[in-house]
Peer 1: 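Structure incoming, see below.
In what follows, chains are A, B, ... by sequence order, proteins preceding strands, each numbered from 1. Remember, it's a predicted structure, so these values are computed and weren't measured experimentally.
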2 protein chains.
Amino acid sequence: MLSEITDNKQKIITTALNLFAKKGYDAVSTLEIANAAGITKPTMYYYFGSKEGLLSEILSIHYNRLLSDLESAASLPEDIALTFFRMMRIYFDYALKNKDFIMFKLSTFNRIGEDVTYLLSREYTDRESSIIKHVFDVAASYVGNIRGKEDLCTMTFVGVAHAAIGAYFHTGDETLLSDETIYRLRQQFLYGIYS
Amino acid sequence: MLSEITDNKQKIITTALNLFAKKGYDAVSTLEIANAAGITKPTMYYYFGSKEGLLSEILSIHYNRLLSDLESAASLPEDIALTFFRMMRIYFDYALKNKDFIMFKLSTFNRIGEDVTYLLSREYTDRESSIIKHVFDVAASYVGNIRGKEDLCTMTFVGVAHAAIGAYFHTGDETLLSDETIYRLRQQFLYGIYS
DNA sequence: CAATTTATATACCGTTTGGTATACTGTGAA
DNA sequence: TTCACAGTATACCAAACGGTATATAAATTG
């Protein structure tokens, strides 16, 4: 068994995710994935059963990693300032270390309807929202002004995270994902632009 | 000439945009568009030359309308609070009246790479960013604390707008795009969550 | 050593893809 | 009445699509 050396399964996952991020799921063919990964189509179908199965496994691996990290970061919601920093740091780190996945995530996050990538991502994005929502729910119990705005805060938090990461992809400027940026975003989030 | 009555060209545009929004550009075939629009493929190719030509015209029509509205709303950047409201109102109104287009816009906004929808949208999204950026550039001249954070503000503004519209599409709750929501978002933007 | 399982490739399938050659039809101008 | 042209449809194309039947070679297991 050469799989420990060659590890074709992992190669297929990495290659496919890269192509999906660059061109979009539907624009990438199974043959293109096979060629780029240096294998043949039946090998891909042996491991994943279908193109959709391949996407499903990619989503499972990365979302579970990301959401697990996010859950750790959200485990001390009593300190909203600290938790804001930690959660944003998780997003930025994941974007820096797993560019392809986060690029793909961003391009599917606001999808809706019959799109395959949306349907398969939904369970994870729902979990993601609820983790963040919980932070603001707890925060509302001791920061009165948040009360009634928990959903708004959740929405804004994710929106800002995505916007910053999107800007990083657009410009390539890594300082957009630095601690300094998080401090500024947090300052603005907590005290507004006049602070 | 029945075109004034039937108006097949307009029908194709509306139908195609609806399918693109629901399933994604690459997942929709020209035959599917033709069938849904009640015409045949050659008719579509007569008007638009190619599938890409059709997409291009859709983007041109809607982005030009949206950006023209946005420019009007941004014409008094001396009052940042007022301008914030006006610009957000433009986005929300367009989302309410042209659901399909904004849905499609959201799903392509954070794209990058070789994706056709990204490449064809880019000229418009660049213009969009620069309109908003200009507002914060002017604001920075009289609100000292904004200085150096113009790009951050632009990024945040667009991120928040998209997040709110995305939440509306997700839940169907129209109050997410009400004046009341804009007031809250503005309050948070200007003074933070403690306000 | 024989049987089975894992991992791979060759060669193929029916269907769908974006796109077109060609012909027809109704309308307005000369 | 003839002509041109805008608009539309029938019927087709080569290429690419997602997926598979089958063979094969190496490794694991009895």
Peer 1: Using the side chain to side chain donor-acceptor pair (under 3.5 Å) rule, collect all pairs that involve residues 134-146 of chain A, keeping only residues at least two apart or in two chains.
Peer 2: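 Counting only pairs at least two positions apart or across chains, the side chain to side chain donor-acceptor pair (under 3.5 Å) contacts touching residues 134-146 of chain A are Lys133(A)-Asp137(A).
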Peer 1: Show each protein N/O and nucleotides 23-25 of chain D N/O combination with a separation under 3.5 Å, one pair to a line.
Peer 2:
none

Peer 1: Please say which of Leu66(A), Asn18(A), Ile61(A) ends up in a side chain to side chain contact (heavy atoms under 4.5 Å, CB included) with Phe101(A).
Peer 2: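 For Phe101(A), the side chain to side chain contact (heavy atoms under 4.5 Å, CB included) check succeeds only for Leu66(A).
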Peer 1: Could you run down the sub-3.5 Å N/O contacts of the protein with nucleotides 9-12 of chain C?
Peer 2:
from   : atom 1 : to       : atom 2 : distance (Å)
dA9(C) : OP2    : Thr40(A) : N      : 3.2
dA9(C) : OP2    : Thr40(A) : OG1    : 2.8
dA9(C) : OP2    : Thr43(A) : OG1    : 2.9

Peer 1: What integer distance in Å separates Leu31(A):CG from dA16(D):P?
Peer 2: 9 Å
Peer 1: Heavy atom of residues 12-27 of chain A under 4.0 Å from DNA chain C: which residues?
Peer 2: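 Within this stretch, nothing sits under 4.0 Å of the strand.
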Peer 1: Can you name the residues that form a side chain to side chain donor-acceptor pair (under 3.5 Å) with Thr108(B), not counting sequence neighbours?
Peer 2: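 Listed in chain order: nothing, the list is empty.
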Peer 1: In whole Å, I'd like the distance from the OH atom of Tyr45(A) to the P atom of dT20(D).
Peer 2: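 It works out to 7 Å between those atoms.
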Peer 1: Grab the CG-P distance between Asn35(A) and dA16(D) for me, whole Å please.
Peer 2: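 After rounding, the reported distance stands at 12 Å.
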Peer 1: Could you tell me if the side chain of Asp126(B) sits less than 4.5 Å from the side chain of His170(A), heavy atoms only?
Peer 2: yes
Peer 1: Would you tell me whether Tyr94(B) and His62(B) have side-chain atoms, one donor and one acceptor, within less than 3.5 Å of each other?
Peer 2: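 Looking only at side-chain atoms, His62(B) and Tyr94(B) do form a donor-acceptor pair, the distance falling under 3.5 Å.
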Peer 1: For Arg147(B), enumerate each residue passing the side chain to side chain donor-acceptor pair (under 3.5 Å) test, keeping only those at least two apart in sequence or located in another chain.
Peer 2: none
Peer 1: To the nearest angstrom, how far is Tyr47(B) atom OH from dA9(D) atom P?
Peer 2: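 After rounding, the gap between these two atoms is 10 Å.
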Peer 1: Does a salt bridge link Glu180(A) with Arg184(A), judged by any charged N lying under 4.0 Å from a carboxylate O?
Peer 2: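 A salt bridge is present here (some side-chain N lies under 4.0 Å from a carboxylate O).
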Peer 1: Atom NZ of Lys11(B) and atom P of dG7(D): how far apart are they, to the nearest Å?
Peer 2: 18 Å
Peer 1: Salt bridge (charged side-chain N to carboxylate O under 4.0 Å, His left out): which pairs involve residues 52-78 of chain B, sequence neighbours left out?
Peer 2: Lys9(B)-Glu57(B)
Peer 1: According to side chain to side chain contact (heavy atoms under 4.5 Å, CB included), who are the partners of Asp173(B), at least two apart in sequence or on a separate chain?
Peer 2: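 Testing Asp173(B) for side chain to side chain contact (heavy atoms under 4.5 Å, CB included), a comparison that skips the adjacent residues, returns Thr171(B), Thr175(B), Leu176(B).
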Peer 1: Quick one: which of Lys23(B), Lys41(B), Lys51(B) gives a salt bridge (charged side-chain N to carboxylate O under 4.0 Å, His left out) with Glu32(B)?
Peer 2: Lys23(B)
Peer 1: Rounded to whole angstrom units, what separation is found between the CE atom of Met44(B) and the C1' atom of dT17(C)?
Peer 2: 13 Å
Peer 1: Listed in order of residue number, which residues of residues 49-59 of chain A have a non-hydrogen atom at under 4.0 Å from DNA chain D?
Peer 2: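 Those residues whose heavy atoms fall under 4.0 Å from DNA chain D, taken from residues 49-59 of chain A in numerical order, are Ser50(A), Lys51(A).
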Peer 1: Please, which pairs that meet side chain to side chain donor-acceptor pair (under 3.5 Å) have at least one residue in residues 153-168 of chain A, sequence neighbours excluded?
Peer 2: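 Every side chain to side chain donor-acceptor pair (under 3.5 Å) pair that includes a residue of residues 153-168 of chain A, provided the two are not neighbours, is Lys105(A)-His162(A).
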Peer 1: Which heavy atom in Ala73(B) sits nearest to a heavy atom in Thr83(B), and how many Å separate them?
Peer 2: O-CG2, 3.7 Å
Peer 1: Take the protein atom OH of Tyr46(B) and the nucleotide atom P of dT10(D), then report the distance between them rounded to whole Å.
Peer 2: 18 Å
Peer 1: Run the side chain to side chain donor-acceptor pair (under 3.5 Å) test against Asp179(B) and tell me which residues pass, sequence neighbours left out.
Peer 2: Arg89(B)
Peer 1: Does Ser29(A) place a side-chain N or O at less than 4.0 Å from the phosphate oxygens OP1/OP2 of dC17(D)?
Peer 2: yes
Peer 1: Which pairs pass ring-ring contact (aromatic ring centres under 6.0 Å, His included) with one or both residues in residues 65-86 of chain B, sequence neighbours excluded?
Peer 2: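 Only Phe84(B)-Phe157(B), Phe84(B)-Phe189(B), Phe85(B)-Tyr183(B) qualify under ring-ring contact (aromatic ring centres under 6.0 Å, His included).
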Peer 1: Could you check how far CD of Glu32(B) sits from C1' of dT16(C), rounded to whole Å?
Peer 2: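 In whole Å, dT16(C) C1' and Glu32(B) CD are 12 Å from each other.
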